[in-house]
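Report on the structure given below.
Computed from a prediction, not measured in an experiment: that's the story for all the values here.
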Amino acid sequence: MANDTQSSAPLTVFTDDVEHIVKTSDTEDEVTTRVAARLKRFLADGHVLPPEVCVPREDRYVMYPLHVAQDGSFSIAAAVWNVNQGTPVHGHETWGVVGIYSGVEREKQFEKPTVPDVPLKYLGTSDWHPGEVTVCCTTDDDIHQVNCEGDVPVVGIHVYGADIGTLKRRTYDPATGEVSWFVSHWPSAPGSEAGSDAQQ
């Protein structure tokens with residue numbers, strides 16, 4: 001594609017900057033604050049993602065890997081929800097920063113339970129628009145539910161403090177607190193029908 005070089009070069013610079021931040025930050029709060037600021041700048045600069053990582057699936061959401069650190073210390077993904085698609089209530093088991101590239105993401109937040117098998121406490125709902133960035137999760141506080149809000153797919157750039165495509169994570173039944181475990185496997189290739197389960 002004609003725009004491959006133009007679209008990949010800013011992503012490479014962004015990836016290198018995130019790697020530097022991860023390696024030079026002393027705390028999780030510092031790393032998420034710095035990554036969020038860098039991601040906000042990336043989005044504000046109007047860089048174009050490769051079109052193949054913005055393609056929604058018809059049956060469920062998909063998360064395309066943009067970069068996975070060899071040591072597993074962080075990963076960057078393009079997460080795509082089609083219209084009317086969403087996730088169950090789930091956690092991440094690591095820190096995460098999300099920036100909206102296009103569309104509108106609706107996030108419902110819940111308090112992470114301290115005891116098992118109790119109903120989850122709902123904390124509120126936020127709508128995230130193009131250019132906006134949020135620290136979506138920390139290792140200790142990371143339960144939410146996400147869906148596409150509006151009549152166009154939502155595409156987000158997600159940065160996590162682990163290889164999110166191999167990390168074992170939890171979903172929750174909000175009415176009972178019952179936990180199930182899952183892995184959001186990476187798709188085998190951009191546009192592939194194999195890969196991510198219907199969680200984030």
Side-chain angles (χ1 to χ4, degrees), residues 4-45 47-50 52-55 61-81 87 90-101 105 107 112 128 133-144 146 155-172 179-192 194-200:
D4 276 354
T5 301
Q6 292 174 324
S7 59
S8 62
L11 277 174
T12 299
V13 174
F14 175 70
T15 297
D16 290 344
D17 288 348
V18 171
E19 181 177 25
H20 176 74
I21 290 169
V22 170
K23 288 182 176 179
T24 59
S25 296
D26 294 325
T27 65
E28 187 171 290
D29 181 67
E30 181 184 358
V31 72
T32 54
T33 298
R34 293 172 67 190
V35 168
R38 182 62 182 89
L39 180 52
K40 191 171 184 67
R41 191 164 78 250
F42 178 88
L43 293 168
D45 287 343
H47 299 306
V48 178
L49 289 178
E52 63 268 21
V53 302
C54 299
V55 178
Y61 114 103
V62 62
M63 189 160 57
Y64 300 109
L66 299 177
H67 180 81
V68 180
Q70 288 188 348
D71 63 359
S73 59
F74 74 97
S75 56
I76 304 173
V80 186
W81 284 267
T87 73
H90 65 278
H92 304 83
E93 314 300 325
T94 187
W95 60 263
V97 178
V98 171
I100 304 304
Y101 177 75
E105 177 185 291
E107 178 189 26
K112 192 170 185 176
W128 300 100
V133 174
T134 177
V135 177
C136 74
C137 53
T138 64
T139 301
D140 297 325
D141 186 12
D142 71 335
I143 299 179
H144 69 179
V146 175
V155 180
I157 299 176
H158 294 212
V159 185
Y160 293 108
D163 179 349
I164 202 67
T166 63
L167 188 63
K168 191 175 181 182
R169 302 190 280 139
R170 283 174 275 202
T171 62
Y172 298 82
V179 170
S180 300
W181 291 87
F182 74 100
V183 175
S184 279
H185 302 287
W186 297 116
S188 56
S192 168
S196 298
D197 296 326
Q199 289 93 23
Q200 180 177 348

Is there a side-chain contact between [X] and [Y], using heavy atoms and a 4.5 Å cut-off?
X    : Y    : value
W186 : I164 : yes
P50  : Y64  : no
V146 : V98  : no
I76  : T15  : yes

Are any of the side-chain nitrogens in K112 or D140 under 4.0 Å away from the carboxylate oxygens of its partner? no
Working to the nearest 0.5 angstrom, can you tell me the gap between [X] [atom1] and [Y] [atom2]?
X    : Y    : atom1 : atom2 : result
T33  : I21  : OG1   : CD1   : 10.0 Å
S75  : M63  : OG    : CE    : 7.0 Å
C136 : I143 : SG    : CD1   : 12.5 Å

Which residues pass the salt bridge (Lys or Arg N to Asp or Glu O under 4.0 Å) test with D163, sequence neighbours left out?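 So D163 forms no salt bridge (Lys or Arg N to Asp or Glu O under 4.0 Å) with any residue.
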Taken in chain and number order and not counting sequence neighbours, the residues that satisfy salt bridge (Lys or Arg N to Asp or Glu O under 4.0 Å) with D16 are none
Kindly write out the residues that satisfy side chain to side chain donor-acceptor pair (under 3.5 Å) with [X], not counting sequence neighbours, or none if the list is empty.
X    : result
D71  : S73
T138 : none
S25  : R34
D29  : none

Of all residues at least two apart in sequence or in a different chain, which pass the ring-ring contact (aromatic ring centres under 6.0 Å, His included) check with H67?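 H67 satisfies ring-ring contact (aromatic ring centres under 6.0 Å, His included) with F74 once adjacent residues are dropped.
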If the condition is ring-ring contact (aromatic ring centres under 6.0 Å, His included), which residues does F14 pass it with, not counting sequence neighbours?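 Checked F14 against ring-ring contact (aromatic ring centres under 6.0 Å, His included); matches are F42.
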Take V159 and W95, measure what side-chain contact (heavy atoms from CB on, under 4.5 Å) needs, and give me the verdict at the end. CA-CA 8 Å; V159 185; W95 60 263; 4.0 Å; yes
Testing the basics here: between [X] and [Y], what is the closest heavy-atom pair and its distance to 0.1 Å?
X    : Y    : answer
L167 : A162 : CD2-CB, 4.1 Å
V62  : V55  : CG1-O, 3.8 Å
C137 : D142 : CB-CB, 3.3 Å
L11  : L66  : CD2-CD1, 4.3 Å
G96  : Y160 : CA-CD2, 3.8 Å
G91  : Y172 : N-CE1, 4.2 Å

Does the side-chain contact (heavy atoms from CB on, under 4.5 Å) test come out yes or no for R38 and V13, once each step is laid out? CA-CA 11 Å; R38 182 62 182 89; V13 174; 3.8 Å; yes
Among residues at least two apart in sequence or on other chains, which ones pass side chain to side chain contact (heavy atoms under 4.5 Å, CB included) with [X]?
X    : result
T139 : E28
K40  : V133
D45  : R41, H47

Please determine whether side-chain contact (heavy atoms from CB on, under 4.5 Å) holds for the pair L49 and I157, giving the CA-CA distance in whole Å, both sets of side-chain angles, and the decisive distance to 0.1 Å. CA-CA 10 Å; L49 289 178; I157 299 176; 4.1 Å; yes
Please tell me whether E107 and W128 have a donor and an acceptor in their side chains that are separated by less than 3.5 angstrom.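 Per modelled atom types, E107 and W128 side chains form a pair under 3.5 Å.
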Steps toward side-chain contact (heavy atoms from CB on, under 4.5 Å) verdict (R170, H90): CA-CA 6 Å; R170 283 174 275 202; H90 65 278; over 6 Å; no
